[in-house]
Amino acid sequence: MYNSKITGLGMYVPDNVVTNEDLSKIMDTSDEWITERTGVKERRHIKKGDGNSTVTMGVKAAKIAIERANIDKNDIDLILFATLSPDYYFPGSGVLVQEHLEIPTCPAMDIRNQCSGFIYAISTADQYIKTGMYKNILVIGSENHSGGLDFSTRGRGVTVIFGDGAGAAIISRNEDSSNGILSSHLHSEGKFAEELSLIGPSTNRWVPEIIEANDPNDISYYPYMNGQLVFKNAVVRFSEVIMEGLIHNKLKPSDINMLIPHQANLRISQFIQDEFGLSDDQVFNNIQKYGNTTAASIPIALTEAWENNKIKSGDIIVLAAFGSGFTWGSTIIRW
Ligand code: ACO
């Protein structure tokens with residue numbers, strides 16, 4: 001059986017910086033409230049007309065990852081695209097990436113697992129490589145949240161947390177068995193599906209009904225989050241799934257060189273850090289600059305950690321996510 005490893009990383013965020021002060025001018029909130037509850041100081045938002053979308057940001061991140069992996073785009077055997085904010089209801093975003101990259105044809109698959117999307121996508125890539133079916137897989141996580149948030153005070157509990165951006169990784173067949181992706185561990189619990197969800201554009205109400213209702217107060221078109229329930233489940237599931245990965249690989253928390261948690265909320269990351277007795281050097285956070293970018297948050301954080309030389313050859317890297325579904329997962333890597 002083959003082994004896989006990450007051979008290239010890239011990220012892209014829009015230039016437009018939106019600070020907590022900026023938000024407090026358009027809704028009843030404050031820098032103090034947002035910083036204390038979430039850790040977010042600023043986030044990036046697409047500006048109308050700047051050419052950015054979930055797909056085009058993903059393509060920008062992908063081009064950097066492809067170059068760093070030192071492969072030709074035509075060597076990509078499969079595109080996996082994780083997002084909750086696709087450009088189109090259908091087709092999926094992966095096929096649009098294939099077209100933007102001008103790859104004549106290749107398989108492309110979308111992963112709909114929200115905050116856990118990148119972990120699910122890495123795990124899928126790893127399996128295709130382990131079986132020998134593919135050699136190079138492009139994995140993208142990208143989100144355009146700002147286009148679909150409620151910027152009135154009504155939406156403040158959700159809107160202040162989220163930002164736009166994209167991250168990408170090339171996962172390749174690894175000839176060196178001493179490093180690479182060790183394992184991934186995935187879970188879901190659909191009984192909480194509606195506790196963090198966007199129900200509005202659904203097949204329960206087809207287009208003629210939506211057009212007829214034309215209701216500007218229909219908040220089902222905005223994301224809903226039961227924040228406290230999400231928080232309570234997140235801290236438990238993050239801990240469980242990190243431990244599951246460590247035990248599976250006969251590792252201890254002290255073996256972790258770098259934990260890269262999904263950037264959901266700084267308080268969640270700090271809780272996990274304390275739970276595992278990790279130092280500040282063993283956990284990477286950048287939610288302060290980008291907010292929660294859902295499927296993009298892990299690849300953006302992983303790229304920044306790598307660019308800042310915080311990851312060395314041989315390190316044990318733990319990726320972990322929890323989010324809507326609920327879904328959660330971890331990936332353990334020896335770099
Ligand atoms: N600015 C000012 N006040 C606000 C804001 C805001 N942006 N949002 C909510 N409030 C108010 C509420 O209206 C409420 O006022 P009230 O007491 O007068 O009714 C008060 O602040 C407290 O609201 P809560 O929702 O109870 O605040 P809480 O302490 O739970 O913090 C938060 C909310 C930050 C969402 C928290 O529940 C949380 O971190 N949840 C975890 C969810 C999470 O991290 N989600 C990330 C996305 S999902 C994922 O990736 C896992």
Side-chain angles (χ1 to χ4, degrees), residues 18-43 82-85 111-120 141-143 145-146 148-165 167 186-190 192-198 219 222-242 260-273 285-288 290-301 319-330:
V18 177
T19 64
N20 293 345
E21 295 295 344
D22 294 332
L23 289 181
S24 67
K25 288 180 192 142
I26 54 172
M27 63 175 75
D28 183 9
T29 189
S30 64
D31 175 47
E32 191 191 1
W33 193 97
I34 301 170
T35 304
E36 188 190 311
R37 309 281 177 127
T38 72
V40 181
K41 297 299 284 182
E42 58 187 43
R43 70 288 291 143
T83 187
L84 64 68
S85 50
I111 306 254
R112 295 286 313 272
N113 287 75
Q114 301 69 247
C115 306
S116 311
F118 193 76
I119 299 282
Y120 269 77
S142 182
E143 304 287 0
H145 282 306
S146 63
L149 294 171
D150 179 357
F151 284 96
S152 72
T153 295
R154 186 179 60 183
R156 65 184 179 173
V158 172
T159 299
V160 300
I161 297 176
F162 292 98
D164 302 339
L186 309 175
H187 298 273
S188 77
E189 194 175 27
F192 294 118
E194 295 187 0
E195 301 294 347
L196 180 47
S197 59
L198 203 169
I219 56 167
Y222 291 120
Y224 167 76
M225 177 171 69
N226 180 344
Q228 292 185 7
L229 183 84
V230 172
F231 195 101
K232 284 178 193 150
N233 276 269
V235 290
V236 173
R237 298 308 195 184
F238 263 112
S239 299
E240 281 177 6
V241 82
I242 292 169
I260 302 195
H262 161 54
Q263 303 291 292
N265 180 318
L266 192 59
R267 284 160 59 211
I268 295 177
S269 295
Q270 286 166 343
F271 187 95
I272 306 303
Q273 177 174 341
N285 289 303
N286 60 7
I287 191 171
Q288 301 90 330
Y290 304 125
N292 177 339
T293 57
T294 307
S297 93
I298 290 180
I300 287 176
L319 313 179
F322 174 89
S324 165
F326 293 152
T327 59
W328 61 102
S330 64

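Because the structure is a prediction, the values reported are computed rather than measured. Ligands are counted one by one from 1 in listed order, and the atoms in each one are counted from 1 as well.
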What I want to know is whether [X] and ligand 1 share at least one N or O pair that is separated by under 3.5 angstrom.
{"X": "Gly227", "result": "yes"}
{"X": "Arg37", "result": "yes"}
{"X": "Trp33", "result": "yes"}

Part of Val158 with heavy atoms under 4.0 Å of ligand 1, whether side chain, backbone, both or neither: neither
Heavy-atom contacts under 4.0 Å between Thr159 and ligand 1: side chain, backbone, both, or neither? neither
Where does the angle between the aromatic ring planes of Phe192 and Phe326 fall among parallel (under 30°), tilted (30 to 60°) and perpendicular (over 60°)? parallel
Is the ring pair Trp328/His187 parallel, tilted or perpendicular, if the boundaries are 30 and 60 degrees? parallel
Is there a donor-acceptor contact under 3.5 Å linking the side chains of [X] and [Y]?
{"X": "Thr327", "Y": "Asn113", "answer": "no"}
{"X": "Lys41", "Y": "Thr35", "answer": "yes"}
{"X": "Glu143", "Y": "Thr83", "answer": "yes"}

Quick check: are there more than 12 heavy atoms from other residues, nucleotides or ligands sitting under 6.0 Å from CZ of Arg267? yes
Using a 6.0 Å cut-off, check whether atom CD1 of Ile26 has over 12 heavy atoms from anything other than its own residue. yes
Search all heavy atoms of [X] against all heavy atoms of [Y] and return the closest pair with its distance.
{"X": "Ala320", "Y": "Ile242", "answer": "CB-CG1, 3.7 Å"}
{"X": "Ser85", "Y": "Ser142", "answer": "OG-O, 4.2 Å"}
{"X": "Ser152", "Y": "Met27", "answer": "C-CB, 4.0 Å"}

Counting non-hydrogen protein atoms only, what is the nearest one to [atom]? Give residue, atom name and distance.
{"atom": "atom 51 (C) of ligand 1", "result": "Phe322 O, 3.2 Å"}
{"atom": "atom 48 (S) of ligand 1", "result": "Leu196 CD2, 3.3 Å"}
{"atom": "atom 49 (C) of ligand 1", "result": "Cys115 SG, 3.5 Å"}
{"atom": "atom 35 (C) of ligand 1", "result": "Met225 CE, 3.6 Å"}
{"atom": "atom 12 (C) of ligand 1", "result": "Arg156 NH2, 3.9 Å"}
{"atom": "atom 26 (O) of ligand 1", "result": "Gln228 NE2, 2.7 Å"}
{"atom": "atom 39 (O) of ligand 1", "result": "Asn265 ND2, 2.4 Å"}
{"atom": "atom 1 (N) of ligand 1", "result": "Thr29 OG1, 2.6 Å"}

Against heavy atoms of [X], which atoms of ligand 1 measure under 4.0 Å?
{"X": "Phe162", "result": "47 (C)"}
{"X": "Val160", "result": "7 (N)"}
{"X": "Ile268", "result": "44 (O)"}
{"X": "Val230", "result": "42 (C), 51 (C)"}

Quick one: does atom 18 (O) of ligand 1 have a protein heavy atom under 4.0 Å from it? no
Can you find a protein heavy atom under 4.0 Å from atom 14 (C) of ligand 1? no
Distance check, rounded to the nearest 0.5 Å: Thr38 atom OG1 versus Ile287 atom CD1? 6.0 Å
With rounding to the nearest 0.5 angstrom, report the CD1 to OG1 distance, Ile34 to Thr29. 3.5 Å
Does ligand 1 have an atom under 4.0 Å from some heavy atom of Met27? no
